[in-house]
Amino acid sequence: MTKLSAPKGTHDLLPPDIALWQWAEAVMRDSFARANVHEIRTPLFEATELFKRGVGETTDIVNKEMYTFEDGGQRSMTLRPENTASVVRAYNQHGMDRWPKPVKLYYMGPMFRYERPQQGRQRQFHQVGLEVFGVDTAASDAESILLAWQLLQALGLKDLTLKINNMGMPEDRHRFRQGLRDHLKDQLGALCSDCQARYETNPLRMLDCKNPDCQAMYQKEPIHTYIRTDFSSPDAQAHFAEVLALLDAMAVPYTRDPMLVRGLDYYTKTVFEITSDNLGAQSAVCGGGRYNGLVKQLGGGNNDVPATGWAMGMERLLSLLEPPKPQGLDVYVVSDDIPTALQWVTQTRQAGFRADWDPTGRKALGKQLAQADKLGACVALLLGESERNSGQVIVKHLASGEQETLAAGEVLARLGQVLHHTRVCL
RNA sequence: GCGACUGUAGCCUAGUGGUUAAGGCCCCGGCUUGUGGUGCCGGUUAUCGGGGGUUCGAAUCCCCUCAGUCGCCCCA
């Protein structure tokens with residue numbers, strides 16, 4: 001009998017971890033709210049066809065990383081590997097092209113990819129993302145990037161690098177790919193096996209190969225000059241220049257990276273990535289860009305709906321932050337009489353305090369006080385037999401050991417004074 | 001899918017061929033049946049990741065497998 005454990009590449013989030021998540025989620029929701037971005041929640045699974053068409057048949061995600069299964073009606077379903085395709089599907093399905101432009105949506109939730117786990121990569125991971133529909137301006141790209149950048153600042157992340165590039169339109173890329181193939185046709189044998197495969201499937205990927213021999217090859221003329229020349233149309237080049245100008249105006253530091261090629265098929269014009277040096281091999285915290293054409297491709301009628309957006313990896317991002325101190329307990333109710341204890345713990349909770357008690361049946365006050373201490377309570381309320389008989393409560397301050405005896409009716413008011421004071425000390 | 005390293009109680013660790021696998025933390029109880037933190041005493045928790053092999057004898061050596069970690073590929 002093997003022990004049951006969480007599936008490979010998945011993770012339980014235990015109470016000590018949760019505080020950081022809830023805090024980060026709250027910061028993000030607040031940032032989005034102030035930018036007039038609204039949440040959308042789509043299903044965790046969709047028709048497999050959606051991801052094939054949306055993410056791209058040639059991508060690794062679709063080819064080898066999808067959790068695909070057949071449902072009871074012999075429909076092929078897939079656990080979402082990313083959320084953009086689903087959001088676009090929802091945009092089309094609900095006629096959001098009739099909503100006031102731009103439509104700005106954010107999402108937050110688990111994604112699933114069948115991959116070999118390593119640092120910063122799991123089979124179930126969480127992304128938060130932004131999608132902006134209906135505007136094809138550099139201004140919209142700039143706002144999107146700025147929101148990502150500011151979100152990361154608000155979370156207190158440091159040592160981040162924003163890399164940005166212009167991928168042009170699909171036809172520009174097609175032309176560039178052909179040119180690249182022509183330049184490298186005769187040196188194929190000198191390249192690594194990965195690059196030889198990329199030559200067929202995705203030539204742009206060859207450019208950020210880490211093999212020194214391949215890099216040397218790409219530095220030679222005339223390949224070098226060909227690579228460095230912006231292959232995109234004048235329109236796309238003007239768009240990109242404007243994005244950069246707006247980032248300059250907002251004092252967002254960036255690095256132009258001609259080697260930055262995002263893997264998903266749907267990107268057009270602007271692409272960017274935000275990385276951290278403190279993450280190990282999987283250093284991208286946020287990735288995104290413009291994806292004009294996807295909405296139409298996923299059935300958005302005749303209208304070409306331009307769009308831009310990004311996604312962040314929660315786990316990667318949170319691993320860069322310090323876990324906060326656990327929240328303590330205000331009150332621990334100590335009594336050898338269960339109805340009395342239950343009544344007092346309920347009453348203090350209703351009054352707004354974090355309160356707990358001992359439901360194990362232990363009568364000894366010493367044992368119960370030991371619990372109060374372990375849980376880090378500020379104050380213990382002692383309700384023994386003599387207090388019950390006299391209608392009094394002993395309020396014991398755990399840190400100092402001092403205690404005071406009060407009439408039952410005065411206790412809540414006294415807790416209000418005392419705990420206001422202690423909470424500040426926490 | 002490929003490669004490297006690592007698997008001993010809930011957690012950390014000792015033990016590298018020889019009787020019932022040792023210690024610390026945590027948890028529970030006692031010293032203290034109305035007062036916590038420190039101390040002392042006691043207790044629960046391990047088919048040594050799993051399977052097979054070598055051996056009189058395996059946590060220890062060999063093979064397979066599973067899991068974890070990191071890396072490649074790719075991505076958040």
Side-chain angles (χ1 to χ4, degrees), chain A residues 1-11 14 16 55 58-65 81-84 107-129 148 152 192-195 197-198 201-202 205 208-211 260-264 272-276 279-288 309-320 332 334-337 358 360 362-388 394-403:
Chain A
M1 189 66 171
T2 47
K3 272 188 194 169
L4 293 173
S5 57
K8 190 183 184 80
T10 70
H11 240 277
L14 303 181
V55 181
T58 66
T59 60
D60 279 6
I61 290 179
V62 168
N63 284 316
K64 49 181 202 189
E65 296 173 4
E82 55 105 61
N83 208 196
T84 297
Y107 59 85
M108 218 177 248
M111 309 295 159
F112 307 86
R113 291 182 199 174
Y114 190 81
E115 295 184 274
R116 196 69 188 271
Q118 70 183 69
Q119 186 179 71
R121 185 204 287 163
Q122 293 162 270
R123 290 185 173 179
Q124 176 174 339
F125 62 105
H126 296 76
Q127 286 187 331
V128 44
L152 295 169
C192 71
S193 55
D194 283 339
C195 279
R198 292 178 185 125
T201 57
N202 195 347
R205 275 268 158 228
D208 62 3
C209 179
K210 289 161 191 79
N211 185 313
L260 177 65
V261 175
R262 312 229 72 249
L264 278 44
F272 72 98
E273 199 168 280
I274 299 173
T275 59
S276 166
L279 271 179
Q282 311 304 323
S283 61
V285 180
C286 175
W310 46 258
M312 290 182 190
M314 284 291 282
E315 282 84 355
R316 289 184 188 177
L317 191 157
L318 294 183
S319 73
L320 295 169
Y332 198 87
V334 172
S335 178
D336 54 355
D337 182 68
D358 192 334
T360 62
R362 274 185 287 241
K363 301 284 186 193
L365 299 192
K367 286 292 169 193
Q368 295 191 23
L369 270 170
Q371 288 298 314
D373 191 55
K374 273 180 226 169
L375 296 174
C378 295
V379 166
L381 299 184
L382 278 71
L383 292 132
E385 190 178 358
S386 63
E387 287 76 35
R388 290 200 300 279
I394 296 172
V395 176
K396 182 174 175 95
H397 306 263
L398 277 312
S400 65
E402 288 167 18
Q403 60 186 50

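Note on naming: letters A, B, ... go to the chains in the order of the sequence lines (proteins, then strands), and numbering restarts at 1 for each one.
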Now, which nucleotide makes the Watson-Crick or G-U wobble pair with [N], with each of the two distances under 3.5 Å?
| N | answer |
| --- | --- |
| rG3(B) | rC70(B) |
| rG39(B) | rC31(B) |
| rU54(B) | none |
| rA9(B) | none |
| rU60(B) | none |

Lys/Arg N to Asp/Glu carboxylate O, Arg388(A) vs Asp336(A), below 4.0 Å =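 Here Arg388(A) pairs with Asp336(A) in a salt bridge, since their nearest N and O are under 4.0 Å apart.
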
Taking atom [atom1] in both [N] and [M], compute the distance separating them and give it to the nearest angstrom.
| N | M | atom1 | answer |
| --- | --- | --- | --- |
| rC63(B) | rA58(B) | C1' | 15 Å |
| rU19(B) | rG57(B) | P | 14 Å |
| rA46(B) | rU13(B) | C1' | 14 Å |
| rA59(B) | rU16(B) | P | 13 Å |
| rC41(B) | rG24(B) | P | 10 Å |
| rG10(B) | rC5(B) | P | 28 Å |
| rG7(B) | rA14(B) | P | 9 Å |
| rC64(B) | rU54(B) | C1' | 15 Å |

Residue pair Gly280(A)/Ala284(A) against RNA chain B: nearer the 5' end by closest nucleotide is Gly280(A)

Rounded to whole angstroms, how far apart are CG on Asp60(A) and C1' on rA76(B)?
-> 15 Å

Identify whether any heavy atom of Gly129(A) sits under 4.0 Å from a base atom; if not, whether one sits that close to sugar-phosphate; answer base, sugar-phosphate or nothing.
-> nothing

Touch check for Glu115(A), heavy atoms < 4.0 angstrom, all strands: base, sugar-phosphate only, or nothing?
->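 Base, at least one base heavy atom under 4.0 Å.
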
His397(A): what forms a side-chain hydrogen bond (donor to acceptor under 3.5 Å, both in side chains) with it, not counting sequence neighbours?
->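 Testing His397(A) for side-chain hydrogen bond (donor to acceptor under 3.5 Å, both in side chains), a comparison that skips the adjacent residues, returns Glu404(A).
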
Expected string for nucleotides 29-38 of chain B under the B/S/- scheme (protein heavy atoms, under 4.0 Å, primed atoms plus P, OP1, OP2 as sugar-phosphate) is SS---BBBB-

Do other residues, nucleotides or ligands put more than 12 heavy atoms under 6.0 Å from the CD atom of Gln403(A)?
-> yes

Is there side-chain contact between Leu398(A) and Leu369(A), with at least one heavy-atom pair below 4.5 Å?
->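 Yes, close enough: below the 4.5 Å cut-off.
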
Could you pull out the protein-nucleic contacts involving nucleotides 64-69 of chain B (nitrogen or oxygen on both sides, under 3.5 Å)?
from	atom 1	to	atom 2	distance (Å)
rG68(B)	OP2	Lys8(A)	NZ	3.1

side-chain contact (heavy atoms from CB on, under 4.5 Å), paired with Arg113(A), selected from Glu82(A), Arg123(A), Lys64(A) | Glu82(A)

Supply the atom-to-atom distance Gln282(A) CD to Gln118(A) CD, rounded to the nearest 0.5 angstrom.
->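 That separation rounds to 4.0 Å.
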
To the nearest 0.5 Å, atom OH of Tyr332(A) lies from atom CG of Asp358(A) at 4.0 Å

Residue pair Glu315(A) / His126(A), side-chain donor-acceptor N/O under 3.5 Å =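 Yes, because at least one side-chain N or O of Glu315(A) sits under 3.5 Å from a partner of the opposite role on His126(A).
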
Verify, without hydrogens or angle tests, whether Arg316(A) (side chain) and Ala284(A) (backbone) share a donor-acceptor contact under 3.5 angstrom.
->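 Yes, because the side chain of Arg316(A) sits within donor-acceptor range (under 3.5 Å) of the backbone of Ala284(A).
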
Distance-only donor-acceptor test, Glu65(A) side-chain atoms vs rC74(B) base atoms, 3.5 Å = no

